[in-house]
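Order of the sequence lines sets the chain letters (A, B, ...), proteins ahead of strands, with each chain counted from 1.
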Number of protein chains: 2
Amino acid sequence: MNAPLPNTQQGMRRRNLSLVMHAVAGHGPLSRAGVAGRIGLTRAAVSSLVDELIRGGLLVELGREQSGAVGRPGSALSLSCRGPVGIGAEIGVDHLAVCAVDLHGKVRARASAQADHRGRPAEPVLKELAELIRQVTEAARAEGLRPAGIAVAVPGLVARDTQTVVRAPNLGWEDIDLGDSLPYGVQLSVDNEANLGALAELWIGGDPAPQDFVHVSAEIGIGAAVVVEGRLLRGTHGYAGELGHVPVRPEGPACACGGRGCLEQYAGEEAVLRAAGLTATGRGVDLLAARAADGDRTVRRALSTAGAALGIALAGTVNLLDPQAVILGGALSRLAPWLLPSLERELTRRTAEPARPTLTVSRLGSEGPLLGAAHSVVRAVLDDPSSYAA
Amino acid sequence: MNAPLPNTQQGMRRRNLSLVMHAVAGHGPLSRAGVAGRIGLTRAAVSSLVDELIRGGLLVELGREQSGAVGRPGSALSLSCRGPVGIGAEIGVDHLAVCAVDLHGKVRARASAQADHRGRPAEPVLKELAELIRQVTEAARAEGLRPAGIAVAVPGLVARDTQTVVRAPNLGWEDIDLGDSLPYGVQLSVDNEANLGALAELWIGGDPAPQDFVHVSAEIGIGAAVVVEGRLLRGTHGYAGELGHVPVRPEGPACACGGRGCLEQYAGEEAVLRAAGLTATGRGVDLLAARAADGDRTVRRALSTAGAALGIALAGTVNLLDPQAVILGGALSRLAPWLLPSLERELTRRTAEPARPTLTVSRLGSEGPLLGAAHSVVRAVLDDPSSYAA
DNA sequence: ACTAATTTGTTAACGGCCATGACGAAATAG
DNA sequence: CTATTTCGTCATGGCCGTTAACAAATTAGT
């Protein structure tokens, strides 16, 4: 959660402030005594920490708890709904979206715009995004909220710990530094949309949210984000999660990556459209979902084949990682009804019973990356509250 | 490294003691000032920590450093070679082995015994192991060393954080609690041999040791241990690493697991022996290595086929995890010369260049699990030295 | 050979932070 | 209305890293 703080008393203090924030965030309104019991400190110590957090505008006191239990009731503490907000932004191939999420995880403001960004240069797109961010920031400020940071989800590869988009094939971007074009007074972070979608699943996906899962999405190619012990696995070079190029049939059709029979050759958008005998004008997913819903047999068969291929690739993944859950997110969640039967059949056949994960469809759907971006800022506040005190 | 210590002053102290130990362990003899600079504390604080560790018999002062640099020379600190030792033990299908490793990582005593344990009941085997442990413990004590714990590597599944072997198919054991039969006065831990082999690779495998890698071994089936950011990925149920049942050809031969075309059907010992036209009397690996070294074409072809299948399965793994390295360990390291060419060909073809891991053969070979077991105890000492002070 | 400069390790005063224990406050149980 | 329980606060104390000063031990320069 927050390892790299120095092992000094100040570092300890900061970690403890973070523990209090996480306790209150994760377990509803809580009294000082409740927090103390949960994080293993004394009431006196927690009182001091809470005072500091209240002064910093991060916690608020709601008033007496009425629990009905014997003894003096505690004073309920809650995250401030007037404190910092995380600004999340998403650059999609056909839209822009921005939202503001408060410490409770509630969306407090949002704005979006439709436009086809395929092949458009980055500059005007980023100018438009900056305008949306300005609007949302204004709206948030009008409600007494303080933007604590901006996180941007992009459909492409982002160099680790930078603000640079190395390559976004669907946008046609290469080496674009978003820090140059979005120069705000707050922290700016940039990450891949599939990663942020998976993190959204981790943070706000379910109840209880799984801590070890594989999140499959298909926006650009087929990506799988792997979360282990509540941490996103990014890979040495940041390329982890390339499920699309896992071999399904070693002698299958040649793939652009140089291999043969990669998953993308069976379950990629292009391959599925071809198998369905369709050519997409706009978003292929929309077309496939519409036709499948209409009962088109060829389309349904194509989706079933894709689901089987996904199941084979995921069977390998599950055997290797033994995750708690497999979650279909992003565009796949819309096609889930027709993918799932064959997917589940293959997955079940090829995995041993005790290690079989639950197979679910994301509740967040296409909202995942945007919410994940905003929440990543909120998490940063919870992880180191002293840096974000008023 | 050591997260679960409480965030109190005592917890901070313990973490700092651990930081000092790790600094000295990882970066040779070091002065107090050197340690201070490395871990970010002041010289005064480090002095106090070092005093405590010296009093506890964990560190020793070697005398003046002669670096040639200007200024007063520091006093070189080193891990004690008379302090605690980790006792590692290994239960193999055809042997038992025990060793003692000191804080420097040096093997200070060892003992082993050959015997076929297939289908033999657990009790006599454990009795014999206990005798070997007694011998090694004696020998260590004779050198002024204190056993700090015993770790046992077993060829089977071990329930998380217990001393119970759930299932060891090659031994024919089920639900054996080693704590019942090895009742020593020190901490006893039990883990799977493939896991410990991978951890050995992490701790003493290379220079620098990779922090993100996949370690493939083939003692029981084909297992892959995944290490991410220096931590072993065990999986939700402890079943992670079942590389043997990753699908290679979805319509391939049926596998005992219920799937088809699993890697084991191509690269498992049984499958390779069959393809080579051999029947093993003793250890199949020995036979294969001998024949291949003799130049037997059929055997070499069988190994080449197995290597290709391994390459396909590993290509999926690499695409998913983007590890820094892939390491062939255990029995595979002996067959590496004949597996590698085809393995590397498939792996290279099916992975993108920037994410391509280095492919290496374990230096530790079949010693990995035993050394890993002993080192796991040593690591425990480094991670929380105050618990092991004299 | 002698001085200046540099670095090490120790010491004492200081300050931050959590634990301890006592206390008043606010509820329930009888 | 009293006893009991729990909550939040306060004063005290102890632990621990920091700061700053100092003696010790070496090299660099003249």
Side-chain angles (χ1 to χ4, degrees), chain A residues 5-20 23-24 27 29-56 59-78 385-386 389, chain B residues 5-20 23-24 27 29-56 59-78 385-386 389:
Chain A
L5 288 177
N7 260 335
T8 69
Q9 293 152 119
Q10 294 153 45
M12 180 175 70
R13 179 74 173 180
R14 288 169 67 180
R15 273 190 295 273
N16 282 337
L17 288 169
S18 169
L19 284 180
V20 172
V24 175
H27 303 274
L30 223 51
S31 67
R32 290 167 173 77
V35 172
R38 191 166 283 280
I39 68 179
L41 295 180
T42 60
R43 295 196 311 261
V46 170
S47 266
S48 151
L49 294 164
V50 165
D51 283 352
E52 186 173 337
L53 291 170
I54 290 179
R55 274 199 309 278
L59 285 184
V60 290
E61 208 145 11
L62 295 180
R64 292 208 227 310
E65 274 179 330
Q66 36 211 31
S67 65
V70 58
R72 169 178 167 177
S75 169
L77 298 167
S78 174
S386 49
Chain B
L5 289 177
N7 262 334
T8 68
Q9 295 150 117
Q10 294 151 48
M12 180 175 71
R13 180 76 173 178
R14 288 169 67 180
R15 272 189 296 274
N16 282 337
L17 288 168
S18 169
L19 284 180
V20 172
V24 175
H27 303 272
L30 223 52
S31 68
R32 291 167 173 77
V35 172
R38 191 168 282 281
I39 69 178
L41 295 180
T42 60
R43 298 198 308 266
V46 170
S47 266
S48 152
L49 293 164
V50 165
D51 284 352
E52 187 173 335
L53 292 170
I54 289 178
R55 275 199 309 277
L59 285 185
V60 290
E61 210 146 10
L62 297 181
R64 293 211 227 306
E65 275 179 330
Q66 36 211 32
S67 65
V70 59
R72 169 179 168 177
S75 168
L77 298 168
S78 173
S386 49

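Applying the salt bridge (Lys or Arg N to Asp or Glu O under 4.0 Å) rule to A:Arg38 yields no partners; only residues at least two apart in sequence or on another chain are considered. Taking A:Pro29 as the reference, A:Leu62, A:Ala76 meet the side-chain contact (heavy atoms from CB on, under 4.5 Å) condition, with sequence neighbours excluded. Taking the side-chain contact (heavy atoms from CB on, under 4.5 Å) definition, one finds that B:Gln9 meets it with A:Met12, sequence neighbours left out. In terms of the salt bridge (Lys or Arg N to Asp or Glu O under 4.0 Å) criterion, B:Arg43 has no residue partners (sequence neighbours excluded). Residues passing the salt bridge (Lys or Arg N to Asp or Glu O under 4.0 Å) test with B:Glu52, sequence neighbours excluded: B:Arg13. With sequence neighbours left out, A:Ser78 forms a side chain to side chain donor-acceptor pair (under 3.5 Å) with A:His104. With sequence neighbours left out, the side-chain contact (heavy atoms from CB on, under 4.5 Å) criterion links A:Ser47 to A:Arg32. Partners of B:Gln10 under the side-chain contact (heavy atoms from CB on, under 4.5 Å) rule, at least two apart in sequence or in another chain, are B:Thr8.
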Could I get a table of every N or O pair under 3.5 Å where one atom is in the protein and the other is in nucleotides 14-18 of chain C?
{"from": "C:dG15", "atom 1": "N2", "to": "A:Gln9", "atom 2": "OE1", "distance (Å)": "3.3"}
{"from": "C:dG16", "atom 1": "N2", "to": "A:Gln9", "atom 2": "OE1", "distance (Å)": "2.9"}
{"from": "C:dG16", "atom 1": "N3", "to": "A:Gln9", "atom 2": "OE1", "distance (Å)": "3.1"}
{"from": "C:dC17", "atom 1": "O2", "to": "B:Gln9", "atom 2": "OE1", "distance (Å)": "3.0"}
{"from": "C:dC18", "atom 1": "OP1", "to": "A:Asn16", "atom 2": "ND2", "distance (Å)": "3.0"}
{"from": "C:dC18", "atom 1": "OP2", "to": "A:Arg13", "atom 2": "NH1", "distance (Å)": "2.7"}

What's touching nucleotides 10-13 of chain C from the protein side, N or O pairs under 3.5 Å?
{"from": "C:dT10", "atom 1": "OP2", "to": "B:Arg32", "atom 2": "NE", "distance (Å)": "3.4"}
{"from": "C:dT10", "atom 1": "OP2", "to": "B:Ser47", "atom 2": "OG", "distance (Å)": "2.5"}

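A 4.0 Å heavy-atom criterion places the boundary nucleotides of DNA chain D facing chain A at D:dT5 to D:dT18, written 5' to 3'.
Of the side-chain N and O atoms in A:Arg64, one or more sit less than 4.0 angstrom from OP1 or OP2 of C:dA27.
Residue B:Pro385 forms a side chain to side chain contact (heavy atoms under 4.5 Å, CB included) with just one option from B:Leu17, B:Leu59, B:Val20, and that option is B:Leu17.
When side chains are defined from C-beta on, A:Asn7 counts as touching B:Leu19, because their heavy atoms get closer than 4.5 Å. Within the 4.5 Å cutoff, side-chain heavy atoms of A:Ile54 are placed close to those of A:Val50.
The overall bend of the helix from C:dA1-D:dT30 to C:dG30-D:dC1, read as the angle between its terminal helix axes built from five base pairs each, is 10° when rounded to 10 degrees.
Once rounded to the nearest 0.5 Å, the distance linking CZ of B:Arg64 with OG of B:Ser75 reads 8.5 Å.
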